[in-house]
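See structure below.
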Amino acid sequence: MVSTNTELAYNSKIEGEVIVSRADAVINWIRTNSMWPMPMGLACCAIELMGVGASRFDIARFGAEVMRFSPRQADCMIVAGTVTYKMASAVRRIYDQMSGPKWVIAMGACASSGGMYRSYATLQGVDRIVPVDVYVSGCPPRPEALLDALMKLQDKVKRERSAKNLLSA
Amino acid sequence: MSATVDVTTALREKFPQATLRDSLDHPAVNLPAADVPAALRFLRDERGFDLLADLTAVDWAEGASPRFTVVYHLFSTAGHEYLRVAADCVSDLEPAMPSVTALWAGADWHERECYDMFGIRFEGHPDLRRILMWEGYPYHPLRKEFPLAGIETPLPDAEVAAATGTKVIAAPMAGGPFVASPGEINLTEAEPRAKDESWNERHEKPEA
């Protein structure tokens, strides 16, 4: 019998209150749309990061507006600014305190490579101390660039084998 | 102008070893290190130089003697005039200078920075620790023999160093320090960049 169902949205009467999906899809869907950032604002990039959080660019559209200043509650560390060697230990410790799964965005030239600070005091790229998922170019990057980085990270998380990782953990 | 001439004259009457120092802007004097606390106290109490605007040092490079000169910039908030006082450190290898934190509390961090960057010990300072670099850093970065790129040393935190296997490395210079071009209207042109872009990590520096 050909169904005459014209429902476009989920209708519990028709579906019998059951949704069939893959665990990966559900877990990744949840993770991508509630990625709470740890704002590691260390220099001028932090100002752009604030711009991303404010109404004009509005990172809330991607579910990442909840800037968590406690690493225990954060999923994604956004390293926004110049990391000095003196600060590097603090960055690493905060990364260690974040609960998994966790991701890192290196925002701007300084966090990605040391930027123009080719000097004795500056860590030459935050990837020397923490694993970076997305690098953002710019000095500082435009807010759109950071939003693009977040979308790239969401795409990456959507491809993760989350259920397998959870079961094997 | 007569007031500023007076201050250097009065200082030289009181401290006969003081000499006039060449200066393009404000009046300046040289002092022996031993006279520094007494002379600065005289300037503060008798001549109204109540503000220590800056305290820094000069490294005249290895081999020069005297090698280190500490420079004080004094300002009189009543007389609206500056005075520069310079004092050579007696020892070139273990430079030291009497602290003036008793005269200006604000000298505290200036002297710590000066100690951090040049290795000049300020005798009588209440808490002479490094202020910019971390405790245990083995060098004084603003000394002339210290390269801008830095020297390989362990990370300040041993645990983090063990977890990451990272060290403080000499920064890759790739064509020299990145400098901005002032006065450029085109922001793309004015952005900080190496002036010599003919070489980098992948392409050797061409023979001169």
Side-chain angles (χ1 to χ4, degrees), chain A residues 38 40 42-45 47-48 71 77 79 81-100 102-104 106 108-133 135-142 145, chain B residues 113 116-117 129-181 187-188 190-197 199-202:
Chain A
M38 163 79 227
M40 198 74 224
L42 302 173
C44 25
C45 277
I47 302 296
E48 296 299 303
M77 181 154 81
V79 185
T82 319
V83 186
T84 59
Y85 282 115
K86 201 174 174 181
M87 191 67 193
S89 346
V91 174
R92 173 69 197 195
R93 271 170 196 282
I94 287 171
Y95 175 79
D96 286 341
Q97 287 167 5
M98 287 165 62
S99 55
K102 53 191 173 184
W103 300 276
V104 177
C110 293
S112 302
S113 71
M116 63 178 186
Y117 296 101
R118 302 294 174 100
S119 92
Y120 57 90
T122 307
L123 184 70
Q124 300 296 309
V126 77
D127 53 4
R128 289 173 186 275
I129 53 163
V130 292
V132 175
D133 294 280
Y135 299 85
V136 191
S137 64
C139 182
R142 289 279 310 166
Chain B
E113 186 187 4
D116 193 354
M117 292 289 124
R129 286 178 294 132
R130 285 182 177 271
I131 190 168
L132 297 173
M133 307 305 284
W134 57 93
E135 276 307 307
Y137 186 69
Y139 305 104
H140 298 288
L142 283 194
R143 287 191 174 187
K144 281 280 190 282
E145 78 269 16
F146 187 87
L148 172 63
I151 299 172
E152 195 171 297
T153 45
L155 275 186
D157 190 317
E159 276 181 44
V160 170
T164 59
T166 306
K167 283 183 285 192
V168 174
I169 56 156
M173 294 308 281
F178 285 18
V179 284
S181 313
L187 284 178
T188 314
E191 234 176 36
R193 63 180 67 229
K195 286 296 172 210
D196 179 6
E197 292 188 330
W199 63 283
N200 56 33
E201 283 88 351
R202 288 188 202 90

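Every chain is numbered from 1 and lettered A, B, ... according to where its sequence line falls, protein lines coming before strand lines.
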### Task
Could you check Arg128(A) against Ile169(B) for side-chain contact (heavy atoms from CB on, under 4.5 Å), going step by step and ending with a plain yes or no?
CA-CA 11 Å; Arg128(A) 289 173 186 275; Ile169(B) 56 156; 3.5 Å; yes
#### Entry: Sidechain N-carboxylate O distance under 4.0 Å for Arg93(A), Glu159(B)
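Yes, charged N to carboxylate O under 4.0 Å.
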### Message
Would you compute the distance between atom CG of Leu123(A) and atom CG of Leu155(B) and round it to the nearest 0.5 angstrom?
### Response
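One finds 7.5 Å between CG of Leu123(A) and CG of Leu155(B).
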### Message
To the closest 0.5 Å, what do you measure between OG1 (Thr166(B)) and OH (Tyr85(A))?
### Response
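Going from the OG1 atom of Thr166(B) to the OH atom of Tyr85(A) covers 8.5 Å.
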### Task
May I ask you to name which of Pro147(B), Ala161(B), Pro156(B), Ala171(B) has the most heavy-atom pairs under 4.5 Å with chain A?
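Counting heavy-atom pairs under 4.5 Å, the top option is Ala171(B).
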### Pairwise side-chain hydrogen bond (donor to acceptor under 3.5 Å, both in side chains) hits with a residue in residues 134-147 of chain B, at least two apart
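Non-adjacent pairs meeting side-chain hydrogen bond (donor to acceptor under 3.5 Å, both in side chains): Arg67(B)-Glu145(B).
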